[in-house]
Enquirer: 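Mind having a look at this structure? Questions to follow.
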Amino acid sequence: MSTFQAPKGTYDLIPPDSAAYLAVREAISAPLKRAGYGYIETPGFEAVELFSRGVGESTDIVSKEMYTLTTKGGTTLALRPEGTASVLRAALQNNLHKLGNLPVKLWYSGSYYRYERPQAGRYRHFSQVGAEAIGTEDPVLDAELIILAVDAYKALGLKNFRVLLNSLGDKECRPVYRAALQQFLAGLDLDEDTVRRAEINPLRVLDDKRDAVQKQLTGAPMLRDYLCEACKEYHEQVRELLTAAGVAYEDDPKLVRGLDYYTRTTFEFVHGGLGSQSAVGGGGRYDGLSEMIGGPALPSVGWALGVDRTVLALKAEGVELELPATTDVFAVPLGEEARRTLFGTVTELRRAGIATDFAFGGKGLKNAMKSANRADARFAIVAGERDLAEGVVQLKDMRSGEQTAVALDALVATLQEKLA
Ligand code: AMP
C-alpha cells in the first residue's frame, strides 16, 4: 500500500469490475446515438456563477455541495456538479442553436463532483451519461428522452426500475401555486432551515424526506390542481405518448427534484434494490434555463443517468452483462529466440483483431500457463525453438485441453475460424 488513499467519498474503478462501467456507458449511449444525439464534451470546471444562476442558489447542490476553487489568476471556478448547465452554456457559446436545426440534440458522459455525505450509492465523484434536446417545445421530445432511458435500462437487462412522472407547470401557473403552497407552509411548525427553504423554493419542502415534515404536508395544495390548460394539455400528451410506446410510469405529484431550473415535465428513474439512494437517473424540461444564463428563449429537455448506481442496480438484480473477452489467445514462448518470433505473431494476431496477450518476463511453461488461465484465455499458443524451426506453434484449447500443431502462416485464419 502507498502512503496515499483515494479521497473520502471516491473510489477507483479497477479491472475486472471497470468493464461493467464501460458497458453501462455504452448501453446508455447506444440508443441516443441511434436517435440523432451528437456527442459533446465540456470542461470539468466552469464559472461558479453558471451553476449558482443556472442550478439555483437555494439548491443543496450549489449551496452545500459545490467544489469551488480560486485560480492563481483570481478566477473562481467550480468542479461541475451536474451536466445540463455546462452543455447549454457550450451550445450557446458555439451557436449550435443558430445552425437552423432545432432541437440541438446532444449526449455526454463524464465525471461530476458533489461534496456530499458519502454512503452506499452516494459519492463525491461519480459518473453520469446525459442527454439534452435544446430549443424545441414538443411533448414528443419529452417522451423520446424518457423512452430512450427506459430502452437503455432494458437493454442492460434491468427489470426492477420504475419511472416517476410529474409536471411542474410553467411561468404562468407555477407562481400561483407557489404562493398557495407558501401560504400553507407558513401555517406549519417547521424548523428554521425549512422555513427559509419555504421562502426561497417552497416546492422543495415537498421533497423533504423527514417523517415529521411529511406528516404535516397532508392536505398541502397539489401542483396538479393548479396547472394551466396549456401545461395540462402538454402533460397529457407526454403521458399518452409514453403509454403508446409501452412505457409504464407512475404519476408522482410530489416529484420536484433538487434543481431549480425544471419546468413542466419532470421525471425520475428509481430502482428497488438500492436502499435510500434509489434514484438511478432523472431529468425534465427546463424552458427557462437558457434565459437564466443570458441566452435567448430556448425551451429544452434532458436527463442524466448515474453510471455508478446503474452498476449497483445490475448487481442488486444479479444481472451478469455479456462482456467481450479480454483475452482470446495467450502466447507462451519457450526460450529466448521463441520469445522474439512469437511476439511478432502476437502483434500480427492483434492487428487481425484477435485479443491476444503474452507471457512477459521469461516465465517458465508452468507459470505461463497459470497466467493464461488467470487471463481466462480461450486458447494458448506455445512455441519452442524446435516448433518455430518447423514453422509451427502448438495451439492449445484451454477448455478441452486438446493440443494441435498449427502452421505459423495459417495461425491467423485458424484462430479467426475457431473464435468466430
Ligand atoms: P441529479 O442531477 O441529482 O438528478 O442526478 C442524476 C443521477 O446522477 C442520479 O439519479 C444518480 O444516479 C446520479 N447521482 C447524483 N448524485 C450522485 C452521487 N453523489 N453519487 C452517485 N451518483 C449520483
Side-chain angles (χ1 to χ4, degrees), residues 42 46-63 66 80-98 102-106 130-146 165-182 197 199-207 223-224 226-235 237-238 255-268 282-304:
T42 62
E46 298 272 357
V48 170
E49 295 75 30
L50 173 67
F51 302 115
S52 50
R53 276 210 249 159
V55 179
E57 205 86 65
S58 75
T59 61
D60 285 351
I61 293 179
V62 168
S63 64
M66 211 149 61
R80 58 184 181 191
E82 60 100 53
T84 303
S86 309
V87 168
L88 188 56
R89 193 268 310 135
L92 292 170
Q93 183 178 337
N94 293 285
N95 286 318
L96 300 186
H97 59 298
K98 291 188 183 160
L102 295 180
V104 177
K105 300 212 276 190
L106 301 166
E132 315 290 345
I134 297 165
T136 305
E137 189 184 82
D138 184 344
V140 180
L141 203 51
D142 305 39
E144 166 173 295
L145 275 163
I146 295 173
L165 185 68
N166 193 20
S167 171
L168 291 181
D170 64 6
K171 58 178 186 294
E172 301 303 322
C173 53
R174 193 149 83 192
V176 184
Y177 170 69
R178 192 177 186 275
L181 181 61
Q182 249 166 352
R197 182 174 299 161
E199 277 161 25
I200 307 170
N201 192 344
L203 269 73
R204 293 200 41 244
V205 178
L206 298 179
D207 211 17
L223 184 50
R224 69 169 164 225
Y226 285 76
L227 290 183
C228 61
E229 280 312 310
C231 283
K232 258 191 226 160
E233 164 65 18
Y234 193 97
H235 197 56
Q237 284 195 46
V238 175
L255 180 71
V256 296
R257 302 185 34 76
L259 296 79
D260 278 357
Y261 53 57
Y262 286 115
T263 50
R264 288 198 169 166
T265 316
T266 28
F267 48 87
E268 203 154 82
R285 183 155 272 286
Y286 48 92
D287 292 343
L289 179 59
S290 175
E291 286 151 297
M292 281 154 76
I293 62 169
L298 281 173
S300 307
V301 55
W303 52 240

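Basis for what follows: all heavy atoms, side chains included, without hydrogens, waters or symmetry-related copies. The model shown is predicted, which means the values in this text are computed figures rather than measured ones.
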Enquirer: Going from CG on Leu203 to OH on Tyr177, what distance comes out if it is rounded to the nearest 0.5 angstrom?
Expert: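 Between Leu203 CG and Tyr177 OH, I get 5.5 Å after rounding to 0.5 Å.
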Enquirer: Identify which one of Asp142, Thr263, Thr265 satisfies the side chain to side chain donor-acceptor pair (under 3.5 Å) criterion when paired with Arg285.
Expert: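 Only one option passes, and that is Asp142.
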Enquirer: Write down the atom of Gln237, the atom of Pro139, and the distance for their closest heavy-atom approach.
Expert: OE1-CG, 3.3 Å
Enquirer: Is the closest side-chain heavy-atom distance between Ile134 and Leu106 below 4.5 Å?
Expert: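 Contact flag for Ile134/Leu106 side chains = yes.
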Enquirer: Testing the basics here: between Gly169 and Leu223, what is the closest heavy-atom pair and its distance to 0.1 Å?
Expert: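 Smallest interatomic distance, heavy atoms only, reads N-CD2, 4.3 Å.
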Enquirer: Taking Glu199's backbone N and O only, do any of them form a donor-acceptor pair with Gln182's side chain (distance below 3.5 Å, no angle check)?
Expert: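 Confirmed, Gln182 side chain pairs with Glu199 backbone.
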Enquirer: Between Ser290 (side chain) and Ala297 (backbone), is there a donor-acceptor pair under 3.5 Å?
Expert: no
Enquirer: Give a yes or no on whether the backbone of Leu255 and the side-chain of Asn166 come within a donor-acceptor separation of less than 3.5 Å.
Expert: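 Present.
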Enquirer: Kindly compute the distance separating OG1 (Thr136) from NE2 (His97), expressed to the nearest 0.5 Å.
Expert: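 If I round to the nearest 0.5 Å, the distance is 12.5 Å.
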Enquirer: Once rounded to the nearest 0.5 Å, what's the spacing between atom OG of Ser63 and atom CD1 of Ile200?
Expert: 8.5 Å
Enquirer: How close do His235 and Ser167 get, counting heavy atoms only, and between which atoms?
Expert: ND1-CB, 3.5 Å
Enquirer: Hey, what do you get for CE (Met66) to CD (Glu82), rounding to the nearest 0.5 Å?
Expert: 10.5 Å
Enquirer: Side chains of Glu132 and Thr84: any donor to acceptor distance under 3.5 Å?
Expert: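 Side chains of Thr84 and Glu132: pair found under 3.5 Å.
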Enquirer: Does Ser300 offer a backbone N or O that forms a donor-acceptor pair with the side chain of Asp287 under 3.5 Å?
Expert: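 Flag set: sc Asp287 to bb Ser300 pair under 3.5 Å.
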Enquirer: Once rounded to the nearest 0.5 Å, what's the spacing between atom CD of Glu137 and atom CG of Leu102?
Expert: 12.5 Å
Enquirer: Within a strict 4.5 Å, meaning less than it, do heavy atoms of the Arg204 and Arg197 side chains meet?
Expert: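 They are in contact (side-chain heavy atoms under 4.5 Å apart), so the answer is yes.
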Enquirer: So do Asp207 and Val205 actually touch side chain to side chain, heavy atoms under 4.5 Å?
Expert: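 Counting from C-beta outward, Val205 and Asp207 never come under 4.5 Å.
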Enquirer: Mind listing the closest non-hydrogen atom pair of Ala180 and Tyr226 along with its distance?
Expert: CB-OH, 3.4 Å
Enquirer: So, does Trp303 use its side chain to make a donor-acceptor pair with the main chain of Leu145 at under 3.5 Å?
Expert: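 A pair under 3.5 Å: yes.
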Enquirer: Can we say Lys105 and Glu144 salt-bridge, meaning some charged N sits less than 4.0 Å from an Asp/Glu carboxylate O?
Expert: yes
Enquirer: Looking at Phe51, does the NZ or CZ of Arg80 lie under 6.0 angstrom from its six-membered ring centre and within 45 degrees of the ring axis?
Expert: no
Enquirer: Between the main-chain N or O of Cys173 and the side-chain N or O of Asp170, is there a donor-acceptor pair closer than 3.5 Å?
Expert: yes
Enquirer: How close do Asn201 and Arg178 get, heavy atom to heavy atom, and via which atoms?
Expert: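 In this case the closest contact between Asn201 and Arg178 is N-NH2, 4.2 Å.
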Enquirer: Of all heavy-atom pairs between Gly295 and Leu92, which one has the smallest distance, and what is that distance?
Expert: CA-CD1, 4.0 Å
